[in-house]
Amino acid sequence: LDKDFADAYWNKSLSVLQSGNMQDGWPLYEWRKRKPGPHGIRDLSEPEWTGAENVAGRTVFLHWEQGLGDMVQFARFVPALARLDGKVLFEAPPRIQALLRSVPGMPPIVSPNTVPNADLVCPMMSIPARTGVPVGMAEPYLRADPDRVARWRDRIGGSGFKIGIACQGNPNRIEDRGRSMPLTCF
């Protein structure tokens, strides 16, 4: 009934991606930017990189748009943009920068609200649609800091099976309400 109903296209993108059809799913996922309400897409003055523009000799500012979990999930795609012969500056909150720097081929990371001089901009979650990078990775793309691993091994022991629980989303985001629970529930 409404050929521009962004919520319908976005929901379709999630279904298509979940079915494994990345070629059709990622372009549909771009409809997230047209959804009403807060979605984290920054309104910057530089033109947005669509994937068609040559980035050689240009600077692309890659900005995050959603939560920390999405940053962790989509960090695997950032090096694909960095390999296109342009200069990429990747925006990430300080509390997750050390983990993201462990990704092989990760470009320089800048803190939020540091808008560098860039020729083009790109929201982080648009990289798969614009680079054609497959979702699967042959090896883990994140590495834990060895010093932190040693500290936790000293604290919880080095043998046996360990389970980590993350039980809270961002309590300040409407979308995350209902996703969090107190540790006592476990």
Side-chain angles (χ1 to χ4, degrees), residues 1-93 96-97 99-138 141-142 170 173 175:
L1 297 173
D2 179 356
K3 65 181 177 62
D4 294 322
F5 186 46
D7 284 322
Y9 284 103
W10 182 73
N11 284 326
K12 181 178 180 180
S13 79
L14 298 178
S15 296
V16 172
L17 287 168
Q18 191 168 17
S19 77
N21 181 349
M22 305 300 151
Q23 184 175 351
D24 294 333
W26 288 126
L28 285 168
Y29 193 70
E30 293 293 289
W31 278 88
R32 77 192 182 284
K33 297 185 293 187
R34 299 184 195 182
K35 288 176 44 141
H39 46 63
I41 301 294
R42 304 263 297 275
D43 186 19
L44 300 169
S45 60
E46 295 82 2
E48 190 169 311
W49 179 66
T50 66
E53 302 85 357
N54 184 349
V55 298
R58 300 169 90 181
T59 299
V60 179
F61 176 55
L62 182 63
H63 62 89
W64 69 305
E65 59 183 277
Q66 294 187 27
L68 297 178
D70 294 305
M71 290 196 78
V72 168
Q73 180 181 348
F74 278 75
R76 70 183 81 198
F77 302 113
V78 175
L81 178 55
R83 286 192 295 268
L84 295 179
D85 294 328
K87 178 181 180 184
V88 176
L89 298 173
F90 176 41
E91 174 192 53
I96 197 169
Q97 288 182 6
L99 178 64
L100 296 175
R101 282 190 185 100
S102 75
V103 176
M106 182 60 72
I109 298 175
V110 298
S111 293
N113 302 318
T114 306
V115 181
N117 186 12
D119 301 299
L120 300 163
V121 298
C122 181
M124 178 184 194
M125 296 173 79
S126 290
I127 297 173
R130 296 174 187 184
T131 62
V133 174
V135 172
M137 303 295 275
Y141 59 95
L142 293 171
N170 183 344
R173 290 188 57 190
E175 299 86 5

Next item on the list: Search all heavy atoms of Pro112 against all heavy atoms of Glu91 and return the closest pair with its distance.
Entry: CA-OE2, 3.3 Å
Next item on the list: Starting at OG1 of Thr59, measure out to CG of Asn117 and round the result to the nearest 0.5 Å.
Entry: 7.0 Å
Check: Would you call the rings of Phe61 and His63 parallel, tilted or perpendicular if under 30° counts as parallel and over 60° as perpendicular?
Finding: tilted
Item checked: Residue pair Val103 / Pro79: nearest heavy atoms and the distance that separates them -> CG1-CG, 3.7 Å
Check: Which heavy atom of Ile109 sits nearest a heavy atom of Arg101, and at what distance?
Finding: CD1-CG, 3.6 Å
Margin query: Can you tell me how far apart CH2 (Trp31) and CZ (Phe5) are? Round to the nearest 0.5 Å.
Written below: 11.0 Å
Margin query: Working to the nearest 0.5 angstrom, can you tell me the gap between Thr131 OG1 and Trp49 CH2?
Written below: 6.0 Å
Notebook entry, point to check: From Trp26 CH2 over to Met125 CE, what is the distance, rounded to the nearest 0.5 angstrom?
Noted result: 7.0 Å
Note to self: Does any part of the side chain of Ser111, heavy atoms only, come nearer than 4.5 Å to the side chain of Gln97, both counted from C-beta?
What the structure shows: yes
Notebook entry, point to check: How many angstroms lie between atom OH of Tyr141 and atom CE of Met106, to the nearest 0.5 angstrom?
Noted result: 9.5 Å
Margin query: For Val78 versus Met124, what's the shortest heavy-atom pair and its separation?
Written below: CG2-CE, 4.1 Å
Next item on the list: For side chain to side chain contact (heavy atoms under 4.5 Å, CB included), just list the numbers for Met22 and Leu17, CA-CA rounded to whole Å, side-chain angles, deciding distance to a tenth of an Å, and then say yes or no.
Entry: CA-CA 5 Å; Met22 305 300 151; Leu17 287 168; 3.6 Å; yes
Checklist line | Chi angles and distances behind the side chain to side chain contact (heavy atoms under 4.5 Å, CB included) call for Phe90, Leu100 | finding: CA-CA 10 Å; Phe90 176 41; Leu100 296 175; 3.7 Å; yes
Note to self: Checking side chain to side chain donor-acceptor pair (under 3.5 Å) between Ser126 and each of Glu48, Glu65, Arg32, which is the one that passes?
What the structure shows: Arg32
Margin query: In the structure I gave you, are the side-chain heavy atoms of Pro123 and Arg130 within less than 4.5 Å of one another anywhere?
Written below: yes
Checklist line | Heavy-atom side-chain contact between Leu62 and Ile127 under 4.5 Å | finding: yes
Margin query: I need the minimum non-hydrogen distance between Asp119 and Pro47, along with the two atoms involved.
Written below: O-CD, 3.4 Å
Next item on the list: Can you measure from OH (Tyr9) to CG (Leu28) and round to the nearest 0.5 angstrom?
Entry: 8.5 Å
Item checked: For the student: nearest non-hydrogen atoms of Pro27 and Ala129, plus distance -> N-CB, 4.2 Å
